Number of protein chains: 2
Amino acid sequence: MFFIFSNIACESGDFIATDLLRKVSNLARSDTRFREAYNRLLDYCETLQPGDALPAENELSALANVSRTVVRRCLARLEDCEVILWQGREKRILRKPASADRLELPTTRAPADDLEQRFLDWILKFDVPAETPLSVAELSRMFDVPQHELKEFLAGLSRFGLVARRPRGGWILRGFTRDFAIELSEFRSVLEIDAIRKVADLPVDHPIWPTLEDLRMQHLDLKARIDSDYHEFSKIDETFHQAINSVVRNRFVEEFQKVISLIFHYHYLWNKADEKDRNAAAIEEHLAIVEALEARDADAACRAAVKHLKTSKTTLLSSLRHHDLG
Amino acid sequence: MFFIFSNIACESGDFIATDLLRKVSNLARSDTRFREAYNRLLDYCETLQPGDALPAENELSALANVSRTVVRRCLARLEDCEVILWQGREKRILRKPASADRLELPTTRAPADDLEQRFLDWILKFDVPAETPLSVAELSRMFDVPQHELKEFLAGLSRFGLVARRPRGGWILRGFTRDFAIELSEFRSVLEIDAIRKVADLPVDHPIWPTLEDLRMQHLDLKARIDSDYHEFSKIDETFHQAINSVVRNRFVEEFQKVISLIFHYHYLWNKADEKDRNAAAIEEHLAIVEALEARDADAACRAAVKHLKTSKTTLLSSLRHHDLG
DNA sequence: CAGTATGACTTTTATTATAAAAAACACATA
DNA sequence: TATGTGTTTTTTATAATAAAAGTCATACTG
């Protein structure tokens, strides 16, 4: 189709008709990239004066961060709209672009990165039971995300054993069974004990130490007013574990921590039984870890951490039992 | 279309034409399930005599392990081929099916489960460098797997940080950089030290002990003839680490071990520098671990394991350097 | 005449469209 | 009332396809 422009660009009126009047039709792929590039080129044109020459296509493509193919599509349209004159390598500004020249962009959807958070949120909030069949079509509507994106997402989750392919197509939530909770807890323990050991070995000028001291103060502060403010612990808990794990710079660990922390966070929030006592006990356990670390006693810190993680696991499991009964 | 059969099933000759003569056309989805079900129903028909009645659609669908929709499609064809008479719930065998009645099945492709193995194989065998763009189209041809399957596969691998999405679409191999090797080694160490600790705690009647004793013997045997047979170590090494890790029944650990062991295995195979010395040293290290374990000395076993894993890491890194230089 | 820019073409990717299969629904029959 | 069938709706797997990227040969320019 582009051959139309190659030599007699200024006469290609028939292209305008098919291009501009095209309905919001069956686009196999959105042309957002083209639209954004076009607007960016309009911006650039505004910095120039009528009669000025535009740089080479390659330069423009670098400018708009798209391929030359898109740039040429943009140039074609700029010419159709009589913003520029385009003939071979002669590209001249005809007039300053008006705001009416701009192309509308589709309303941006929630970023795909957010899908994980929202999905786990949903699973945990509604306590979707294990072995629930997951309908890609339904989830797609629910989260307003194209089906193929969801399938890729689920394929990723299957690597964590959270979901699995069903024998006859589709997916199921392998979900939050007792085994899953145990294995998750144990995996978490392995990673976190290692983190603790690494913290204990860090030099005195490492930023973790002021952070830990600050956390110790926060724990003491909350401990003093635990009777009324015990629900604040959930937040401190997350910060604490995040701080400990932050010293492990490892892509594999990081990937898992995201999932782990979310799951534990939620389950703690819901297990309301004995919440005050549990939190008070957890504060003591955290303090024991911090104090052992500050004393650079790695072994004591590990023992304290093992104890705390064991409590965590028990709490997680009891929260499951609670759910099963209710 | 099915309304044709509802009442005047025996006269629906025009359906036969469109159905049977249909070319290998644009199937949006393969009808393998239908074909398999059809053949299975033929098998079933063979067990009956002309004049016998077929059971309810539901029963047949349970028999062929497909939905009723497929069963009805099969019944329609059986009728078209005059194997049965079908009118409402009246379904009678007309004749024994012949081998010519069977539907051909598409030649089965390599199982998708195999894709991971083949992909990692390719990466490692050809030493595909980090930051290489991965073309789904190309890989799809290369591994003879539909594109969408590859995309799901890559999405899964991205969870391990092995590949990543490119900003402007497509994928890249984040691949085997120095950082990746370090992080992988460290992650492996964390998991394996934990496994060692678990082994040391196992009761005397656990099957791991005879396995370890057998491994010890194999190591001693190889040690005696190391000068000539040092290349045999690679296999023993894999068996050894697999045995140790097998005691950890954890879905997260298992998922990672698959990838880890493959990567280490290959890299050891290629690093030919000082192979004999390295393997001789590794045998000693393995023996130290096994002996400490058999003595139930957990701490000594861990120390030995830490030492061995450190050597492993060094070897892996030096094998990278080697590659960089060559 | 070397190096860059362009025009035409090829390949790849993202996304939609759609046949096959499953599931749901609504009668009919026994 | 319970089960079986005919029909419709929904979902899934896969192919088709426009947009975008990439490639190559040629043309122009300094």
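In this text, all values refer to a predicted model and were calculated from it rather than measured experimentally. First the proteins, then the strands, lettered A, B, ... as listed; each starts at 1.
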Check your understanding: Between B:Arg118 and B:Phe143, is NZ or CZ placed under 6.0 angstrom from the six-membered ring centre and within 45° of the ring axis?
Key -> no
Rounding to a whole Å, what distance do you find between [X]:[atom1] and [N]:[atom2]?
X        : N      : atom1 : atom2 : result
B:Phe34  : D:dT12 : CZ    : P     : 23 Å
B:Glu57  : D:dT5  : CD    : C1'   : 6 Å
A:Glu36  : D:dA20 : CD    : P     : 10 Å
B:Arg35  : C:dA19 : CZ    : C1'   : 14 Å
B:Glu149 : D:dT12 : CD    : P     : 17 Å
B:Gln147 : C:dT15 : CD    : P     : 14 Å
A:Glu152 : C:dT13 : CD    : P     : 12 Å
A:Asn58  : C:dG3  : CG    : P     : 16 Å

Would you tell me if any nitrogen or oxygen in the side chain of [X] comes within less than 4.0 Å of OP1 or OP2 on [N]?
X       : N      : answer
A:Ser30 : C:dA14 : no
A:Ser67 : D:dA21 : yes
B:Arg29 : C:dT18 : no
A:Arg33 : D:dA21 : yes
A:Arg72 : C:dG7  : yes
A:Lys91 : C:dT6  : yes

[X], nearest nucleotide to its side chain (from [options]):
X        : options                : value
B:Ala137 : D:dA13, C:dT13, C:dT15 : C:dT13
A:Ala28  : D:dG22, C:dA21, C:dT15 : C:dT15
A:Val70  : C:dA19, C:dT12, D:dA21 : D:dA21
A:His148 : D:dT14, C:dA14, D:dA20 : C:dA14
B:Trp86  : C:dA21, D:dG6, C:dT15  : D:dG6

Exercise for review: Answer yes or no: is there an ion pair linking A:Arg33 with A:Glu36, defined by an N-O contact shorter than 4.0 Å?
Suggested key: no
**Study point:** Salt-bridge present (B:Asp101, B:Lys96; N to O < 4.0 Å)
**Key:** no
Pick base, sugar-phosphate or nothing for [X], based on heavy-atom distances below 4.0 Å to the nucleic acid.
X        : result
A:Arg168 : sugar-phosphate
B:Leu134 : sugar-phosphate
A:Arg89  : base

**Study point:** Pairwise 5' ranking along DNA chain C for B:Asn65 and A:Pro55, keeping only the more 5' one
**Key:** A:Pro55
Check your understanding: Toward the 5' end of DNA chain C, which comes first, A:Ala56 or B:Arg165, by nearest nucleotide?
Key -> A:Ala56
Review point. Of A:Ser135 and B:Arg166, whose nearest nucleotide on DNA chain D comes first from the 5' end?
Key: A:Ser135
Review point. Does the side chain of A:Leu134 come within less than 4.5 Å of A:Leu150's, by heavy atoms?
Key: no
Practice item. Classify the angle between the aromatic ring planes of A:Phe119 and A:Phe153 as parallel (below 30°), tilted (30 to 60°) or perpendicular (above 60°). Key: perpendicular
Practice item. Count the heavy atoms belonging to other residues, nucleotides or ligands that lie under 6.0 Å from CD of A:Glu82, then report whether that count exceeds 12. Key: no
Check your understanding: Do B:Arg68 and D:dG4 share a donor-acceptor pair, side chain to base, under 3.5 Å?
Key -> no
